[in-house]
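The structure under discussion appears below in the form of structure tokens.
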Amino acid sequence: SWQQITPDVFREAVRGWRASESTKRLYLSSLKTFLDVLVEQRRIFRNPLASMRLPALPRLGSLRPQDVARAVAVVGDTTVHVKLRAVVALVALHGLTPAEVTQLRLDDLRRRNRDLSVRRRRRCLPLDPLTFDALVAYLGARPATPGNSYLFVTDRSAKSGRAAHFAGILRELGFAA
């Protein structure tokens, strides 16, 4: 009976699923919405999950302090190394969000002025020497991607002409996103 279904029953069932936290949250959210529809259609009296708080999702695309420390310690001049230094400098030193990083275009970096146009902020950020040098080094190592004007590309986004997802950038750099 529907009266026997409580949020605890669902929490216990979800705990045993072999899925990511975001997948579990998506399923629970969908189920909660479905049960709301059943209530609206008067098929059930109340939604047993109405009071259930969905589990918090880890912030995708956020760099943890240990990630920043690891990235700064990276030595090398491969494309991955220079991309890593550039992304970390933008996020850690200039406070760019993952969305801002992924939306940067090649022409947003103005070398003459040593600044970066951040469209979402509608202003130019003056770049410190470390960040500027990291971006210039990345541009030197960035693969040629005709038709893709985004600054940071992944193997997948380079071919599609679309912006890379920040989680994809982190995955390509060796971080669990």
Side-chain angles (χ1 to χ4, degrees), residues 1-72 74 80 83-84 86-106 108 116-125 145 147-177:
S1 141
W2 284 102
Q3 285 88 11
Q4 295 171 326
I5 298 174
T6 66
D8 290 334
V9 170
F10 282 100
R11 273 191 211 96
E12 196 57 39
V14 168
R15 196 169 293 134
W17 289 353
R18 296 185 72 165
S20 69
E21 290 304 310
S22 58
T23 300
K24 291 177 186 179
R25 188 180 199 293
L26 175 67
Y27 287 151
L28 283 174
S29 176
S30 298
L31 181 59
K32 203 171 173 180
T33 301
F34 172 72
L35 292 171
D36 282 338
V37 169
L38 291 179
V39 170
E40 283 178 23
Q41 293 178 351
R42 300 182 193 273
R43 306 249 180 198
I44 61 175
F45 179 68
R46 69 176 179 82
N47 180 346
L49 298 183
S51 64
M52 182 179 187
R53 293 191 55 139
L54 297 175
L57 286 176
R59 286 186 46 172
L60 272 185
S62 54
L63 292 172
R64 300 166 298 178
Q66 60 266 33
D67 294 337
V68 174
R70 181 174 142 207
V72 170
V74 168
V80 170
K83 181 192 275 186
L84 180 58
V87 169
V88 168
L90 290 170
V91 172
L93 300 177
H94 293 278
L96 265 65
T97 65
E100 290 169 334
V101 169
T102 59
Q103 294 304 310
L104 290 172
R105 304 280 183 148
L106 290 167
D108 288 339
L116 185 70
S117 174
V118 181
R119 296 165 195 249
R120 293 183 76 185
R121 295 182 188 194
R122 293 191 175 117
R123 66 184 183 104
C124 287
L125 289 177
T145 55
N148 191 324
S149 63
Y150 289 96
L151 179 60
F152 293 103
V153 293
T154 60
D155 291 336
R156 177 184 262 173
S157 71
K159 296 173 187 140
S160 70
R162 295 190 197 130
H165 293 285
F166 196 72
I169 292 172
L170 291 180
R171 247 190 318 280
E172 195 171 272
L173 295 175
F175 294 99

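The structure presented is a predicted model; accordingly, all values stated were derived computationally and were not measured.
Note that CZ of R105 is 13.5 Å distant from CG of L116, once rounded to the nearest 0.5 Å. Taking CG of L49 as the start and CG of D36 as the end, the distance is 9.0 Å to the nearest 0.5 Å. Separation of atoms OG1 (T102) and OH (Y150) is listed at 8.0 Å; rounding is to 0.5 Å.
A50 pairs by the side chain to side chain contact (heavy atoms under 4.5 Å, CB included) definition with N47, not counting sequence neighbours.
Every pair passing salt bridge (charged side-chain N to carboxylate O under 4.0 Å, His left out) that includes a residue from residues 90-100 is listed here, sequence neighbours excluded: E100-R121.
The nearest pair of heavy atoms linking R119 to D108 is NH2-OD1, 3.0 Å. What you find for L104 and S117 is that their closest heavy atoms are CD2-O, 3.8 Å.
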Check residues 87-96 and write down every donor-acceptor pair under 3.5 Å in which the side-chain atom is one partner and the other belongs to a residue at least two apart or another chain.
| residue | atom | partner | partner atom | Å |
| --- | --- | --- | --- | --- |
| H94 | NE2 | D128 | OD1 | 2.7 |
| H94 | NE2 | T131 | OG1 | 3.2 |

